[in-house]
Amino acid sequence: MSLITLQSVKKDFGIKEILKDASLSLDATDKVGLIGTNGSGKSTLLKMMAGLEPIDGGQILANSGATIVYLPQQPDLDENHTVLEQVFADAGEQMALVREYEEVSDKLAHAPEDKQLMTRLSSLMQRMDSIGAWEVETNAKIILSQLGITDFNAVIGTLSGGYRKRIALATALLSEPDLLLMDEPTNHLDANSVEWLQSYLNRYRGAILLITHDRYFLDKVTNRIIEIDRGDIYTYAGNYSYYLEKKALSEESAISSQRKHQGVLRRELEWLKRGPKARSTKQKARIDRIRDMQETEFKQAQGKVDISTPSRRIGKKVIELNNISKAYDGRTLIKEFTYEFSPDDRIGIIGGNGAGKSTLLDMITGRAQPDSGSVEIGTTIHIGYFNQHSEELQSALNEEQRVIDYIKEEGEFVKIADGTRITASQMLERFLFPANQQYAPISKLSGGEKRRLFLLRVLMSTPNVLILDEPTNDLDVQTLAVLEDYLEDFSGCVIVVSHDRYFLDRTVDTIFAFEEGGNIKQYPGNYSVYLDYKQAEEAQQQQINNTKEKPKNTVEALQETSPPQTSENKKRRSLSNWQKREFEQLEGKIAQMEAEKAEAEKAMANVPPGNYTQVQKLYEQVETLKEAIDVATERWLELAEIES
């Protein structure tokens, strides 16, 4: 069943034609990745399908019974809402019943003999049962927790842009629409949250159209790729790996066809030069065919960013971190960390949101000072810092300034890697900014184009230490591939903070992992090697746990491992009626999920040899259930501590 159809849609912003004559259709089972260079119109296409951006021609037909939810890169949330209020803002009757239930429960606590209140409470409970309101809040808390949101009562106005994006993502997932339009959903998520989201979307029953730079994510989630290339739309019936294979074959075929065309045309023109007498019908037809061939246009292969900058000498002393520590608001982010960077280091920094990754970079670049310890920079070091924070990008870019003038501030001429001097305009063309864009104000660029422009300015400064803070946010996959090749040959030290697993696998050979208490642990190898180390550590811990006597189920395990309550540590708090209900629901939910996991594990053991697809599907189901059980049991323990 088709959910939405585009018929000959046109969109033109004046300096750039976004869609020429685009037609496509999305069905209920589609999981589609939308790709294209920055500024090609990916976000604009999503907005048009969501009804937020007008079209200049053609028509968009949406199924009248289908629900469509759009997740933008910069969501607009109510500043006065709490996290849960925002998540349930569109929940309608369900949230209204939850609020009314809490109000009646509070009144009944002060007037336990009020029969009218008791009757009203009973009626509310029946209505909440009938529409599944109890389940909804539990699911909301599980999703929020998996996305790194633990303070459900925090006010939106006090949260960072990254937290707001995650709250908007949770809201979109809970709404469970028929079609989910997602613009860079993995931005601001750490690696663990990205992997959870990947598993969640694999099980999602509705259709999905998403834009993402995360190529592992794109490969695992999608079953179809749509590419926007200079106003045209191309569809590939497979995931990202399939797209790459078919795209290469398509370009080879196009080049071959163009060569054949040119060969035939050359021979025909030679015949024409010999002066044939155009008397016969055949000769006239041949001459007409030659004219048609001369007018035939071939679409050239899409341009790629050309990163070619000279290197700067780097001395033996690069950056030395001597026993540095840093804390904010009483929380230790970095504890007594020492490291001496070498000229050829390739360091990847990972950790949860708010762990202190950007703080470490700020201390290295002198934007922040350690509470103790010291940072020493070598005399030959020139740092190029590509920052993830949009507010700093905005301050670096004057929106009214022309693109060409911004680059000319670095120099009218640029020396590239082979020693050749080229103009600033030529350098912009190498970064896919055509002449008509170079004289437009920066405000006319898309978010991704602004970041690409900022990257160009950073690289033009010829750094010998390159610090990249979430470089993959808002850069298209084509630019990322070229940047990865550039970093491979870069003659200097590279320090990268990223949640993009593919990018880390391509660019680093050492991992700094932020752990509890401000400790930074070092692992040799790229991100995949780091995962192998972590799995080995977890397997070793599991082996230790297996030697201990296990209770019958998870709930009993939590009861047996809960610390004893004493007069000193027991705080007499009581569960609200809502929390009691949630507590009871969780016990049954945990038991049900454990039973489902056991069934899936049994089914996996009985899969016939060679059926790898079924094994993979069951394995992902088991892993997802494990994660859900962990989150649910954590919440159960939290409530159990209040109840005890």
How many angstroms lie between atom NE2 of His213 and atom CG of Leu480, to the nearest 0.5 angstrom?
7.0 Å

Shortest non-hydrogen contact from Glu470 toward Arg451:
O-NH2, 3.1 Å

Counting distance only, does the side-chain N/O of Gln522 pair as donor-acceptor with the main-chain N or O of Thr510 below 3.5 Å?
no

Straight-line distance of Gln146 CD to Leu189 CG, nearest 0.5 Å:
11.5 Å

If every non-hydrogen atom of Phe152 is compared with every non-hydrogen atom of Ser145, which pair is closest and at what distance?
CZ-OG, 3.7 Å

For Leu77 and Ala168 the tightest heavy-atom approach is CD2-CB, 4.3 Å

Are Gln426 and Thr420 side-chain neighbours, meaning at least one heavy-atom pair lies under 4.5 Å?
no

Measure from NZ or CZ of Arg166 to the centre of the six-membered ring of Tyr163 and say whether it is under 6.0 Å with the direction within 45° of the ring axis.
yes

Residue pair Tyr216 / Asp505, side-chain donor-acceptor N/O under 3.5 Å:
yes

Would you sort out whether Leu173 and Leu180 count as a side chain to side chain contact (heavy atoms under 4.5 Å, CB included), showing the intermediate values?
CA-CA 8 Å; Leu173 296 177; Leu180 190 53; 4.0 Å; yes

How about Arg402 and Lys408: do any of their side-chain heavy atoms sit closer than 4.5 Å?
no

Any non-hydrogen side-chain atom of Leu459 less than 4.5 Å from a side-chain atom of Leu466?
yes

Contact check, side chains of Ile350 and Tyr530, non-hydrogen atoms, under 4.5 Å:
yes

Within the side chain of Asp371, is there an N or O that forms a donor-acceptor pair under 3.5 Å with the backbone of Ala327?
yes

Pairwise side-chain contact, Leu453 with Leu428, heavy-atom cut-off 4.5 Å (strictly under)
yes

Which word best sums up how the rings of Tyr533 and Tyr523 line up, parallel for under 30°, tilted for 30 to 60°, or perpendicular for over 60°?
tilted

I'd like to know if the side chain of Arg164 and the backbone of Leu159 have a donor-acceptor N/O pair within less than 3.5 Å.
yes

Contacts of Glu449 that satisfy side chain to side chain donor-acceptor pair (under 3.5 Å) - sequence neighbours left out:
Lys16, Gln437, Ser446

Paired with Ile35, the side chain to side chain contact (heavy atoms under 4.5 Å, CB included) test is passed by just one of Leu218, Thr212, Ile211, Thr222, namely Leu218

Heavy atoms of Lys357 and Gly352 approach each other most closely as NZ-O, 3.0 Å

Short side-chain to backbone donor-acceptor contact, Gln198 and Val221, under 3.5 Å
no

If the plane angle is over 60° it's perpendicular, under 30° parallel, otherwise tilted; pick one for Tyr339 and Phe337.
parallel

Restricting to non-hydrogen atoms, name the atom on Leu84 and the atom on Ala140 that form the minimum distance, rounded to 0.1 Å.
CD2-CB, 4.5 Å

Verify the neighbour count for atom CD of Glu537: are there more than 12 heavy atoms of other residues, nucleotides or ligands below 6.0 Å?
yes

If you measure only the distance, is there a donor-acceptor pair under 3.5 Å linking the side chains of Thr359 and Asp362?
no

With sequence neighbours left out, the residues meeting ring pair (Phe, Tyr, Trp, His ring centres under 6.0 Å) with Phe503 are none

Nearest 0.5 angstrom please: Asn323 CG to Lys335 NZ, how far?
11.0 Å

Is it true that Glu184 and Lys42 make a salt bridge, defined as a side-chain N closer than 4.0 Å to a carboxylate O?
no

For the CG atom of Leu46 and the CG atom of Leu71, what is their distance to the nearest 0.5 Å?
9.5 Å

Hey, does the side chain of Arg452 reach the backbone of Phe431 with a donor-acceptor pair shorter than 3.5 angstrom?
yes

Taking atom types as modelled, is there a side-chain donor on Ser199 or Asn202 under 3.5 Å from an acceptor on the other?
no

Please check if atom CG in Asp76 has more than 12 non-hydrogen atoms from other residues, nucleotides or ligands closer than 6.0 Å.
no

To the closest 0.5 Å, what do you measure between NZ (Lys326) and CG (Leu360)?
12.0 Å

Derivation of the side chain to side chain contact (heavy atoms under 4.5 Å, CB included) call for Thr423 and Phe413
CA-CA 4 Å; Thr423 65; Phe413 293 89; 3.8 Å; yes

Non-hydrogen side-chain atoms of Asn526 and Leu504 separated by less than 4.5 Å
no

Is there side-chain contact between Val477 and Tyr240, with at least one heavy-atom pair below 4.5 Å?
yes

Atom pair CZ (Arg501) and NE2 (His499), whose distance is rounded to the nearest 0.5 Å
9.0 Å

Could you tell me whether a side-chain N or O of Asn139 sits under 3.5 Å from a main-chain N or O of Leu174, the two making a donor and an acceptor?
no

After noting the C-alpha distance and the side-chain angles of Leu483 and Phe490, does the key distance pass the side chain to side chain contact (heavy atoms under 4.5 Å, CB included) rule?
CA-CA 10 Å; Leu483 178 58; Phe490 180 72; over 6 Å; no

How about Ile364 and Tyr385: do any of their side-chain heavy atoms sit closer than 4.5 Å?
no

I'd like to know if the side chain of Asp345 reaches the main chain of Ser342, judged simply by a donor and an acceptor atom lying under 3.5 Å from each other, with no hydrogens or angles considered.
yes

Partner residues of Tyr243 under the side chain to side chain donor-acceptor pair (under 3.5 Å) criterion, sequence neighbours left out:
Glu227

Give a yes or no answer on whether the side chain of Asn464 reaches the backbone of His382 with a donor-acceptor pair at less than 3.5 Å.
yes

Does the salt bridge (charged side-chain N to carboxylate O under 4.0 Å, His left out) test come out yes or no for Lys220 and Glu195, once each step is laid out?
CA-CA 10 Å; Lys220 294 290 186 182; Glu195 289 180 9; over 6 Å; no

Assess whether side chain to side chain contact (heavy atoms under 4.5 Å, CB included) is satisfied between Thr379 and Lys317, documenting all intermediate values.
CA-CA 8 Å; Thr379 56; Lys317 183 176 179 179; over 6 Å; no

Is the backbone N or O of Arg331 less than 3.5 Å from a side-chain atom of Asp329, with the two atoms forming a donor-acceptor pair by type?
no

Under 3.5 Å, is there a donor-acceptor pair linking the side chains of Asn322 and Ser374?
yes

Taking every heavy atom of Ile314 against every heavy atom of Gly492, the minimum-distance pair comes out as CD1-CA, 4.4 Å

Ignoring hydrogens and angles, tell me if any N or O in the side chain of Asp219 forms a donor-acceptor pair with the backbone of Ser241 under 3.5 Å.
yes

For the aromatic rings, using the six-membered ring if either is Trp, is the centroid distance between Phe512 and Phe514 under 6.0 Å?
no

